[in-house]
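The chains referred to below are lettered A, B, ... by the order of the sequence lines, with proteins before strands, and numbering in each begins at 1.
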Amino acid sequence: MNYWLMKSEPDTFSIDDLKRKKREAWDGVRNYQARNFMRDGMRVGDGVLFYHSNCAEPGIAGLAEVASDAYPDPSQFDPKSQYFDPGSSRDNPRWMLVDVKFVKKLKRTITLDELKNHSAVAGMTLLRKGNRLSVMPVEAGDWKYILGLE
DNA sequence: GCCAACGTTGGC
DNA sequence: GCCAACGTTGGC
């Protein structure tokens, strides 16, 4: 069992949206490293920290779970989608995604600002300067520690 | 809205 | 293969 952090802009798709929909295909990832984590690293049942980015209160807003194996992101084939990739083909899809299902909304958002003040998690990928990955691994120890902060 | 950081693209 | 230009991310 592995742990992950996935970023979403709450204006686009928030933890409340996931709660309402129960399950969501995590489409639109167009970064190779993030894709590789989904394609090669994720297994059904892995834990996911649902992170709100690019908003008033950036931070971990809830928990989710990997709910499918990786499969081709349908939006890459759709010319009307903002995620359309003319360089990809159905025979050899470039972008993969997983489904994610709702587990819980945290009682409060554990903010980025707060995490920065805990030296125990200072090594997290999330906190690395200039980090822009939208999907990244989380170490088991960091996962446990963060859940203890709620 | 600004801008630092970083990934991608494309000319050479 | 180098690297400048460009686009995007995301905190502030």
Side-chain angles (χ1 to χ4, degrees), chain A residues 2-21 24-42 46-67 70-139 141-143 145-150:
Chain A
N2 288 309
Y3 300 100
W4 308 93
L5 182 146
M6 298 172 90
K7 292 179 183 173
S8 183
E9 301 192 12
D11 289 348
T12 305
F13 191 80
S14 72
I15 188 69
D16 292 318
D17 293 322
L18 185 62
K19 183 176 185 179
R20 183 167 41 79
K21 296 184 70 177
E24 183 75 357
W26 204 265
D27 66 358
V29 171
R30 294 295 180 269
N31 170 283
Y32 289 103
Q33 217 181 337
R35 176 205 67 183
N36 293 349
F37 286 134
M38 289 198 287
R39 186 188 62 187
D40 307 329
M42 287 189 178
D46 280 0
V48 175
L49 298 174
F50 192 108
Y51 180 90
H52 282 171
S53 68
N54 202 14
C55 56
E57 195 179 44
I60 296 158
L63 303 182
E65 192 177 299
V66 176
Y71 61 95
D73 180 343
S75 66
Q76 72 194 302
F77 307 125
D78 177 4
K80 293 190 294 294
S81 168
Q82 61 168 319
Y83 301 123
F84 178 60
D85 182 351
S88 185
S89 70
R90 289 181 188 276
D91 289 343
N92 188 19
R94 181 177 290 170
W95 305 110
M96 306 289 280
L97 55 69
V98 296
D99 290 350
V100 160
K101 74 177 184 189
F102 178 78
V103 173
K104 66 180 276 198
K105 182 178 178 177
L106 297 187
K107 296 187 202 72
R108 63 183 189 89
T109 295
I110 299 170
T111 64
L112 176 64
D113 197 46
E114 179 180 355
L115 290 174
K116 286 177 178 170
N117 290 324
H118 287 269
S119 57
V121 296
M124 284 184 78
T125 304
L126 177 71
L127 300 179
R128 271 214 316 263
K129 187 175 181 181
N131 166 61
R132 281 170 36 192
L133 273 177
S134 61
V135 177
M136 68 189 82
V138 173
E139 288 176 22
D142 292 336
W143 170 276
Y145 185 87
I146 288 168
L147 295 195
L149 294 176
E150 185 184 357

Let's go through A:Ser75 and A:Arg30 carefully: what are the C-alpha distance in whole Å and the side-chain angles of both, what is the deciding distance for side-chain contact (heavy atoms from CB on, under 4.5 Å) to 0.1 Å, and is it a yes or a no? CA-CA 11 Å; A:Ser75 66; A:Arg30 294 295 180 269; 3.0 Å; yes
Can A:Asp17 and A:Arg20 be counted as an ion pair, charged N to O under 4.0 angstrom? yes
**Request:** Considering only NZ, NE, NH1 and NH2 on the basic side and carboxylate oxygens on the acidic side, decide whether A:Asp73 and A:Arg35 come within less than 4.0 Å.
**Result:** no
Report the C-alpha separation of A:Tyr71 and A:Asp99 in whole Å, then their side-chain angles, then the decisive distance to 0.1 Å, and conclude whether the side-chain hydrogen bond (donor to acceptor under 3.5 Å, both in side chains) test is met. CA-CA 9 Å; A:Tyr71 61 95; A:Asp99 290 350; 2.5 Å; yes
Might you confirm whether atom CD of A:Glu139 has over 12 heavy atoms from other residues, nucleotides or ligands at distances under 6.0 Å? no
Among A:Asn31, A:Asp27, A:Asp85, which one satisfies side chain to side chain donor-acceptor pair (under 3.5 Å) with A:Trp95?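 When side chain to side chain donor-acceptor pair (under 3.5 Å) is applied between A:Trp95 and each of A:Asn31, A:Asp27, A:Asp85, only A:Asp85 qualifies.
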**Report entry** Each stem that DNA chain B is part of, given as range with range (3 or more consecutive Watson-Crick or G-U pairs, under 3.5 Å)
**Finding:**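 Only these stems qualify: B:1-12 with C:1-12.
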Exercise. Would you give the length of the straight line joining atom CD of A:Glu65 to atom CZ of A:Phe50, rounded to the nearest 0.5 angstrom?
Key: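 So the gap between those two atoms works out to 14.5 Å.
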Bounded by its outermost nucleotides with an atom under 4.0 Å from a heavy atom of chain A, the footprint on DNA chain C reads C:dG7 to C:dC12
Comparing nearest nucleotides in DNA chain B, the 5'-proximal residue of the pair A:Asn54, A:Asn31 is A:Asn54
Give one of base, sugar-phosphate or nothing for A:Leu126, where a contact means two heavy atoms less than 4.0 Å apart.
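Result for A:Leu126 = nothing.
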ask   = A:Trp4 vs A:Phe37 aromatic rings, parallel, tilted or perpendicular, using cut-offs 30° and 60°?
value = tilted
